[in-house]
Amino acid sequence: MIEFSGTRFSYGQDTILSDLNLSITPGSFHFLTGPSGAGKTTFLKLCYMALTPTGGGLTVFGKEAAMLTRDDIARFRRKIGVMHQNCQFLDHLSVEDNIALPLRVQDKFTESRATDLADLMDWVGLSHRAAALPPELSGGERQRAALARAVMISPDVIIADEPTGNLDWDMAQRVLTLLVELNRMGKAVLIATHDLNIIRSVKGQVNARVLRLKSGQLQLAGSDL
Amino acid sequence: MIEFSGTRFSYGQDTILSDLNLSITPGSFHFLTGPSGAGKTTFLKLCYMALTPTGGGLTVFGKEAAMLTRDDIARFRRKIGVMHQNCQFLDHLSVEDNIALPLRVQDKFTESRATDLADLMDWVGLSHRAAALPPELSGGERQRAALARAVMISPDVIIADEPTGNLDWDMAQRVLTLLVELNRMGKAVLIATHDLNIIRSVKGQVNARVLRLKSGQLQLAGSDL
Amino acid sequence: MSRFLRLLRGHPAAEQIVPRAGFTAWLTGLTAFAMAALAVCALAATFAAGRLADRWSSELARSSTVQVLAPAEEVDRQVTAALAALRTTPGIVSARALDMAEQEALLAPWIGTGLPLDALPVPRLIVIEETVEGPDAAALALRLTAEAPGAQYDDHTRWRRPMIAAADRLRLISGAALALILFATAAMVTLASRAALAANARVITTLRLVGAEDRFIAGAFTRRFTLRALIGAGLGAAGAALAFLFVPDVGAEGAFVTGLAPQGQEWLALAGVPLIAAITAYIATARAAKRALNTIEEA
Amino acid sequence: MSRFLRLLRGHPAAEQIVPRAGFTAWLTGLTAFAMAALAVCALAATFAAGRLADRWSSELARSSTVQVLAPAEEVDRQVTAALAALRTTPGIVSARALDMAEQEALLAPWIGTGLPLDALPVPRLIVIEETVEGPDAAALALRLTAEAPGAQYDDHTRWRRPMIAAADRLRLISGAALALILFATAAMVTLASRAALAANARVITTLRLVGAEDRFIAGAFTRRFTLRALIGAGLGAAGAALAFLFVPDVGAEGAFVTGLAPQGQEWLALAGVPLIAAITAYIATARAAKRALNTIEEA
Ligand SMILES: Nc1ncnc2c1ncn2[C@@H]1O[C@H](COP(=O)(O)OP(=O)(O)OP(=O)(O)O)[C@@H](O)[C@H]1O
Ligand SMILES: Nc1ncnc2c1ncn2[C@@H]1O[C@H](COP(=O)(O)OP(=O)(O)OP(=O)(O)O)[C@@H](O)[C@H]1O
Ligand SMILES: [Mg+2]
Ligand SMILES: [Mg+2]
């Protein structure tokens, strides 16, 4: 669904990514690691078209990314669940409304979806905070809410940036179980993280590939994990 | 310097912290752990007077926290370096200017401080991003910049909320070394984190106490760490 | 236009999702209110000045006279000479000597009737119809002295002409004020909506992140600002119009100076004020939204 | 006041630290500009209307006449009766019969000199000095008919009185517009600075986090808005004043209607416009900042 072929990206003069080749197919599970500042977030932004490659090819759902208009991108985003590193929310809407937001902007929020929403909130342990405003959440709660929003539309691809950075071990496991479950249903999952323990704990459950970003290049991580 | 005695705190009806007793003295090193949503951030906010206890006593630098005016708080903050969980910056100022901000609001930015600043930026690995704007930083870079700002004024107390959540292991060690160094110079350090590996790696270097927040109570964590 | 109307109906989801915009929305409403009220004042002033100038101009058209006072045997020749001179003077439309009956009627209030006017050395009057600009008084006097020494130009319009000039000037200035008001309103609404959009940059990036199209985002802002402007301007214009309604009229005598309040279909023009404000707000906000959507980066 | 001046000097660090506030600051400047220009127009209109009303009022004071036309043996009695009636009529300050020489001078342009006026049945003229309100014309006519059937009241002020009323009304309306402008400016600046402060809530919490005092934060905003208002209003007032300067004057004849442009020390009042705008902006922003600092929560 997302095809990198010789893709390059630079912010002005700073080349962050060079000559990337990767194919994200339905049902695949990828981890993306690399030191802070390596370009993990940048890579994910290319995937969800927040950034456009400065060279090489990138096709998303069969279309060349550079050719897409803003509204095309908006429509493709409805098939991609994104959990942003900064967990962006609308601070004037309740947590619940924020999680339902992807449906609301499509005018697709229905009764049956409301039960899904309640189940989801329960799973990520936010039922008791459903009516709170995002600024009233703790750091970890915010991350869970962001993940819940990303999976709410049951997208074809789930992209999560450091989903467990502020979570304790138990809650992190819970969240990963959800992602593994979705992956088994055929969704592609792409997670950027610096926490190798998280990667190890998932490797037993699904056939995950671990990619490492180093000096702008994508490497397949060895069996040392 | 910071004395909790039977301190309670609740957001509206939700009691988050009850009957806290703790004394943060010069040269002490505390870790604060607990599951997501336990109240770690809330506890830190009480320490730096962003929140006022809803019951019990809390004295900061010998003054009762409830009695302080906003300007008193502003002046006390100049002795407390805070690294906020959301890393708040002024997005229109460069990273460097943001790190120097605590000095600028006191009109105390001088030549000699400029060298300190350069050294500090170097240590946290941000020299090459000094001129960037905060939104152009990666998640980990932002955390390091926030920490640099917290220690810039060489405060008496350093309070850091999840300082390594977005950092890879090597960078996290580097940041912790800086905090340990400052602690050896007599500064009190208080770190909230959910990452037990981080705590273990520091315990060998300094005499750190590990506190655990559980159902609103503060417990001293056992030797299982 | 249909797009404009569709906009006012709105998009139910977008409305709830975009934040209320608080102060900037109020600011827009208030701006529209004040500007509409001032626009109505300026419009009324423009209309009143226009009416004054028109009325006075038409009154001027037959206002000045030339008296010819000469010995009885000279008087007819001088009247003819003066008429000839007047008819070739630029700024004079027509000139006509009054006959004795007319002159008698004119003098009756002063000297009563029953005087043997034709026997008396009464001056003869020439009534002149002037253009709005009128003749050059000094040049005309000089010319009359040469051709008909007994003729004297009496410019009754002297004191009215500057009033017309003043009315014209008032019309000019209130017209300029009107233009300033329109321009300032457009600029203020633009800036207010830009400020609102800039303040909501994070809202916009967040909405994009979850797949909202441009139309959805822009619509929510545009609708709010347009509605605020329409309501604010409506209230402002109505308030000012009411003020004009309740100022008592000058009465019948006022026909000469005309009231300050708008008259007849001028009221219709006032009704246009809020409409123009809303359209201005719509265009200004739509442009600001387009600009913001092009400027605000993804995150 | 010294606080106000100190503020304009500013705090070097605060200025660099608080964001430029972009659109809202421009909005304030523009609002001040437009409002100051409109205020100058309204002020000028108020002044001009005041001058018109004053001048016309004083002209009115000696404008009407009564003619007494009666058989020669009756005329003196009727003049005396009319004078007595007039002197006891409310709205009339004084009444005086013209003597023959005066009347002759008055009639000269119409019937020439050298007429044996005393031998002719010429009407006698009574000149009346009225109060500004003048007498009740209908009642007076009735009374004169009763006491001096040959007397006829000729109200030359008839057409001027409504003009004075109109000028007064114009003064009232432009004064109201002035008040509206002042109020709207204050409200707009308040809302603009509140919008700016609300948009900068994160800046404020961040500054607090690093130990900035209230004064530091508020000062940076207040100074910016006050300066913008001062500069904007200064330019706006100057622009409008220039416009008045360059509109050509009505000339000497205009003495009757008076020019629209401010005169003499009225110009000084215009200079007050930007000052009042700046002070208004200062108070509005200082209050908005205080409110924002009390409202915005720590984080
Ligand atoms: N908008 C931008 N303009 C310029 N440089 C940028 C921008 N965004 C990111 N960068 C730089 O690009 C590099 C890669 O950033 P990125 O956010 O992709 O790193 P990352 O791998 O996600 O790091 P982390 O683990 O710390 O989140 C960093 O050095 C960052 O400073
Ligand atoms: N402003 C607020 N109003 C109401 N409730 C709040 C507010 N801020 C935090 N809370 C709630 O208080 C609880 C404790 O929050 P806190 O941020 O202290 O947790 P934490 O221990 O820091 O968690 P994390 O590890 O996820 O950051 C959470 O359930 C949170 O939702
Ligand atoms: Mg990142
Ligand atoms: Mg926290």
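A, B, ... follow the sequence lines: proteins, then strands. Residue 1 opens every chain. None of these values were measured; they are calculated from a predicted model.
Counting only heavy atoms from C-beta outward, the side chains of B/R209 and B/L22 approach each other to under 4.5 Å. Counting heavy atoms from C-beta outward, A/I99 and A/V95 have side chains that approach closer than 4.5 Å. B/I2 is listed as a side-chain neighbour of B/L58, based on a closest heavy-atom distance under 4.5 Å.
In this structure, chain B has a heavy atom under 4.5 Å from the side chain of A/N197, while its backbone stays farther away. The parts of B/E141 that come within reach of chain A are both its backbone and its side chain, each placing non-hydrogen atoms under 4.5 angstrom from that chain.
The candidate from B/S138, B/G165, B/G140 with the greatest count of non-hydrogen atom pairs under 4.5 Å with chain A is B/G165. The greatest number of non-hydrogen atom pairs below 4.5 Å with chain A, out of B/T164, B/T42, B/D168, is found for B/D168. Contact count versus chain B (heavy atoms, under 4.5 Å) is highest, among A/E136, A/H128, A/Q143, A/R144, for A/R144. Taking A/N166, A/T41, A/D14 one by one and counting their heavy-atom pairs under 4.5 Å with chain B, the maximum is reached by A/N166.
Panel note: side chain B/T33, backbone B/L211; a donor-acceptor pair is recorded below 3.5 Å. Between the side chain of A/E96 and the main chain of A/A118, no donor-acceptor pair closer than 3.5 Å is present.
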